[in-house]
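One structure below.
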Amino acid sequence: VDKPAEFPGGYAEMMKYFGKNMRYPEIALQAGIEGKANMQFVVEKNGSISNVNVQTGVRNCPECDKEATRVIKAMPQWKPGKINGRVVRSYYSMPIAFKIKNS
């Protein structure tokens, strides 16, 4: 891919999106579970998201993996990737961290 797929507005906007839309699973909060879900998905030619998969999940927290999947599936359409100026579907990998914030 010459030009990788991009979240609308870029990386900073994507971080805002996750900040607004991710919900830490209550069971994980109560158990003090933290970790990273390594996710993979396809950005289609029209910018839609498909084939969302958990590559490696948060240990002992299927609820975290489920939340990471939910929030990725709910993302707005992306700018699709391009090869030689031609729009293509492309794979995208992304880690999603679950970290309990200390207040």
Side-chain angles (χ1 to χ4, degrees):
V1 179
D2 302 333
K3 187 168 182 349
E6 183 182 43
F7 187 88
Y11 183 78
E13 286 302 312
M14 183 167 59
M15 291 300 101
K16 281 186 202 170
Y17 168 81
F18 281 113
K20 250 192 210 169
N21 294 284
M22 284 259 309
R23 289 184 230 120
Y24 212 109
E26 192 59 38
I27 196 161
L29 274 175
Q30 290 171 1
I33 296 172
E34 294 184 334
K36 230 179 237 170
N38 291 305
M39 308 297 293
Q40 186 181 58
F41 54 92
V42 174
V43 178
E44 297 292 344
K45 289 180 180 182
N46 67 0
S48 65
I49 303 299
S50 69
N51 299 12
V52 179
N53 288 304
V54 179
Q55 296 299 106
T56 53
V58 177
R59 193 169 160 201
N60 298 322
C61 190
E63 297 82 7
C64 294
D65 301 342
K66 200 169 161 184
E67 177 60 7
T69 300
R70 181 196 71 79
V71 97
I72 287 175
K73 284 183 175 180
M75 284 193 287
Q77 286 197 326
W78 285 44
K79 294 178 190 164
K82 291 183 178 183
I83 294 178
N84 296 326
R86 205 176 88 242
V87 174
V88 294
R89 65 193 301 260
S90 55
Y91 281 95
Y92 199 92
S93 295
M94 164 188 305
I96 296 187
F98 287 86
K99 180 113 177 82
I100 299 170
K101 293 177 183 153
N102 298 327
S103 33

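FYI, side chains are in, hydrogens and waters are out, and symmetry mates aren't considered; it's all heavy atoms of this structure. Residue numbers run from 1 in the order of the sequence given.
- At most 12 heavy atoms of other shown residues, nucleotides or ligands fall within 6.0 angstrom of atom CD1 in I27.
- Both I72 and M15 sit in one connected hydrophobic cluster of ILVMFWY residues. Membership requires side-chain heavy atoms under 4.5 Å apart, directly or through other members.
- For the atom pair M14 CE and M75 CE, the distance stands at 7.5 Å (nearest 0.5 Å).
- Side chains of I96 and M22 form a contact here, defined as non-hydrogen atoms less than 4.5 Å apart.
- A distance of 12.5 Å separates CE of M94 from CD of Q55, quoted to the nearest 0.5 Å.
- Residues Y17 and A74 come closest through the heavy atom pair OH-C, 3.2 Å.
- Side-chain contact between K82 and D2: absent, with no pair of heavy atoms (C-beta onward) separated by less than 4.5 Å.
- Remark: N51 CG to K73 NZ distance equals 9.5 Å, nearest 0.5 Å.
- Taking the six-membered ring where the residue is Trp, F7 and W78 present perpendicular rings, their angle passing 60° and hence far from 30°.
- Remark: T56 OG1 to M39 CE distance equals 9.5 Å, nearest 0.5 Å.
- Nearest heavy-atom pair across G57 and D65 is CA-OD1, 3.2 Å.
- Looking at heavy atoms from C-beta onward, V42 lies out of side-chain contact with I49 at the 4.5 angstrom threshold.
- Classification of E63 and K66 as a salt-bridged pair fails, no side-chain N sitting under 4.0 Å from a carboxylate O.
- Separation of atoms CD (Q40) and CG (N53) is listed at 6.5 Å; rounding is to 0.5 Å.
- Contact detail for P80 and V43: the closest heavy-atom pair is CA-CG1, 4.1 Å.
- There is a path of hydrophobic side-chain contacts, each under 4.5 Å, that joins L29 to V58.
- Here the side chains of F98 and P25 are in contact, with some heavy-atom distance below 4.5 Å.
- Side chains of K79 and K3 form no contact here, defined as non-hydrogen atoms less than 4.5 Å apart.
- At least one donor-acceptor pair closer than 3.5 Å links the side chain of N46 to the backbone N or O of S48.
- The line from CG of N60 to CD1 of I33 is 6.0 Å long, rounded to the nearest 0.5 Å.
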